Enquirer: 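First the structure, then my questions, so here it is.
All figures in this text were calculated on a predicted structure; none of them were measured in a lab. As a basis for the values below, the full set of heavy atoms in this structure was taken, side chains included, without hydrogen atoms, waters or symmetry mates.
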Amino acid sequence: MTSSARKRSIGLAVGVVLAVAASSGAALAAVDAGKVIASRIDGFKKMGSAFKGLNDGLKSDAPDAKAMADQAKTVHQMAVQVGKWFPAGSGPESGQKTRAKAEIWSDSAGFATAVKNLEIESAKLETVAKGGDIEALKAQVKATGGACGGCHTKYRAPEQH
């Protein structure tokens, strides 16, 4: 290979690396906050609806164990996604309507701990619901609700009316 051919190959390789790096950075920086927020609202609505179904079922005279196991599964499926629903740029600074407080990002370690607690409690909820023990399920619904509150209290702003 001649010296000029080698220089062209190196230049081409450097150009490709820079182009990939630039496009990757742009992809990371370009968060569509509106879509992210709408997606997380949808996820939280699914989780909330399933949690409401569990609470309603537990108040019933004849709880439907299969339906409650399905609802507990949904709660857990959504819970394990919560940590992914808050990329940088999707908070109040985005200018979009959101109840997510800036503390999610400024206290990311605390938020991650709260999310992990929700994942753990919702996994227990799913396991207990599969077992069909209504009293144990009542206790775990309460524990999982407490884990939900761990985020709501510190990381979610009140609803604006």
Side-chain angles (χ1 to χ4, degrees), residues 21-61 63-161:
S23 67
S24 296
L28 290 174
V31 170
D32 184 336
K35 286 184 181 178
V36 168
I37 293 167
S39 178
R40 79 174 164 236
I41 288 170
D42 182 56
F44 280 125
K45 283 183 178 180
K46 286 177 185 169
M47 185 187 301
S49 177
F51 208 80
K52 181 182 182 319
L54 280 165
N55 279 310
D56 290 350
L58 291 172
K59 292 174 189 170
S60 135
D61 291 337
D64 180 343
K66 168 77 171 98
M68 289 195 301
D70 290 345
Q71 291 156 342
K73 180 179 180 180
T74 297
V75 169
H76 181 61
Q77 286 174 334
M78 296 297 105
V80 297
Q81 296 179 44
V82 170
K84 300 172 191 162
W85 292 344
F86 295 89
S90 69
E93 79 287 350
S94 70
Q96 299 290 317
K97 182 180 176 183
T98 178
R99 293 175 64 191
K101 289 182 174 180
E103 285 84 347
I104 289 172
W105 297 272
S106 67
D107 178 23
S108 58
F111 181 68
T113 298
V115 169
K116 186 65 178 170
N117 189 40
L118 175 62
E119 291 173 6
I120 291 167
E121 294 302 329
S122 68
K124 291 177 188 176
L125 178 71
E126 184 176 11
T127 299
V128 170
K130 286 177 186 176
D133 180 337
I134 298 302
E135 291 307 311
L137 183 56
K138 285 179 183 179
Q140 191 55 45
V141 164
K142 186 174 181 175
T144 305
C148 288
C151 282
H152 290 193
T153 304
K154 186 170 183 180
Y155 302 106
R156 184 177 76 164
E159 194 166 3
Q160 299 295 320
H161 296 283

Enquirer: Heavy atoms only: give me the nearest Ser122-Val75 pair and the separation to one decimal.
Expert: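 Answer, listing the atom of Ser122 first, then Val75: CB-CG1, 4.1 Å.
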Enquirer: Can you name the residues that form a side chain to side chain donor-acceptor pair (under 3.5 Å) with Lys130, not counting sequence neighbours?
Expert: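 Not a single residue meets the side chain to side chain donor-acceptor pair (under 3.5 Å) criterion with Lys130.
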Enquirer: Partners of Lys35 by side-chain contact (heavy atoms from CB on, under 4.5 Å), sequence neighbours excluded?
Expert: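 Partners of Lys35 under the side-chain contact (heavy atoms from CB on, under 4.5 Å) test: Asp32.
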Enquirer: Do Lys66 and Asp70 touch side chain to side chain, with heavy atoms closer than 4.5 Å?
Expert: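 In short, these two side chains touch, coming nearer than 4.5 Å.
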Enquirer: Identify the two heavy atoms, one from Trp105 and one from Pro92, that lie closest to each other, and give their separation to 0.1 Å.
Expert: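 Closest approach of Trp105 to Pro92: CZ3-CD, 4.0 Å.
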Enquirer: Are Phe86 and Phe111 near enough that their ring centres are under 6.0 Å apart?
Expert: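 Yes: the rings meet the under 6.0 Å criterion.
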Enquirer: Can you name the residues that form a side-chain contact (heavy atoms from CB on, under 4.5 Å) with Leu58, not counting sequence neighbours?
Expert: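 Leu58 satisfies side-chain contact (heavy atoms from CB on, under 4.5 Å) with Met68, Ile134, Leu137, Lys138, Val141 once adjacent residues are dropped.
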Enquirer: Say you draw a straight line from NZ of Lys124 to CD of Glu119; how long is it, rounded to the nearest 0.5 Å?
Expert: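 Going from the NZ atom of Lys124 to the CD atom of Glu119 covers 13.0 Å.
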Enquirer: Rounded to the nearest 0.5 Å, what's the gap from SG on Cys151 to CG on Asn117? Could you check?
Expert: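 The CG atom of Asn117 is 8.5 Å from SG of Cys151, to the nearest 0.5 Å.
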Enquirer: In residues 46-55, what donor-acceptor pairs under 3.5 Å come from side-chain atoms, sequence neighbours left out?
Expert:
| from | atom 1 | to | atom 2 | distance (Å) |
| --- | --- | --- | --- | --- |
| Lys46 | NZ | Asp42 | OD2 | 3.3 |
| Lys52 | NZ | Asp56 | OD2 | 2.6 |
| Asn55 | ND2 | Phe51 | O | 3.4 |

Enquirer: Of all residues at least two apart in sequence or in a different chain, which pass the salt bridge (charged side-chain N to carboxylate O under 4.0 Å, His left out) check with Asp107?
Expert: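 Applying salt bridge (charged side-chain N to carboxylate O under 4.0 Å, His left out) to Asp107 gives Lys154.
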Enquirer: Which distance, rounded to the nearest 0.5 Å, do you find between the CG of Leu118 and the NE2 of His76?
Expert: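 Going from CG on Leu118 over to NE2 on His76, the span is 9.5 Å.
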Enquirer: Evaluate the side-chain proximity of Arg40 to Thr98: yes if any heavy-atom separation is below 4.5 Å, no if none is.
Expert: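 Yes, at least one pair of side-chain atoms sits under 4.5 Å.
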Enquirer: Counting only N and O atoms by type, is there a donor-acceptor contact under 3.5 Å from the side chain of Ser94 to the main-chain atoms of Gly91?
Expert: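 Pair found, side chain donor or acceptor close to backbone of Gly91.
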Enquirer: Could you pull out the closest heavy-atom pair between Glu121 and Ala143, with the gap in Å?
Expert: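 Closest pair (atom of Glu121, atom of Ala143, distance): OE1-CB, 3.5 Å.
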Enquirer: Which heavy atom in Val31 sits nearest to a heavy atom in Ala88, and how many Å separate them?
Expert: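 Looking at all heavy atoms of both residues, the shortest contact is CG2-O, 3.4 Å.
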Enquirer: Restricting to non-hydrogen atoms, name the atom on Tyr155 and the atom on Ala114 that form the minimum distance, rounded to 0.1 Å.
Expert: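 Where Tyr155 meets Ala114 most closely, the heavy atoms are CE1-CB, 4.3 Å.
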Enquirer: Mind checking the CZ-CD1 spacing from Arg99 to Ile104? Nearest 0.5 Å is all I need.
Expert: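 Reported value, rounded in 0.5 Å steps: 11.0 Å.
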Enquirer: Say whether, by atom type as modelled, one donor and one acceptor occur between the side chain of Glu93 and the main chain of Gly89 under 3.5 angstrom.
Expert: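 Yes.
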Enquirer: What distance separates Gln81 CD from Ser39 OG, expressed to the nearest 0.5 Å?
Expert: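 Rounded to the nearest 0.5 Å, the CD-OG separation comes to 8.0 Å.
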Enquirer: Search all heavy atoms of Glu135 against all heavy atoms of Asp133 and return the closest pair with its distance.
Expert: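 Reported closest heavy-atom pair: N-OD1, 3.1 Å.
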Enquirer: What residues, two or more places apart in sequence or in another chain, satisfy salt bridge (charged side-chain N to carboxylate O under 4.0 Å, His left out) together with Lys101?
Expert: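 Partners of Lys101 by the salt bridge (charged side-chain N to carboxylate O under 4.0 Å, His left out) criterion come out as none, since no residue qualifies.
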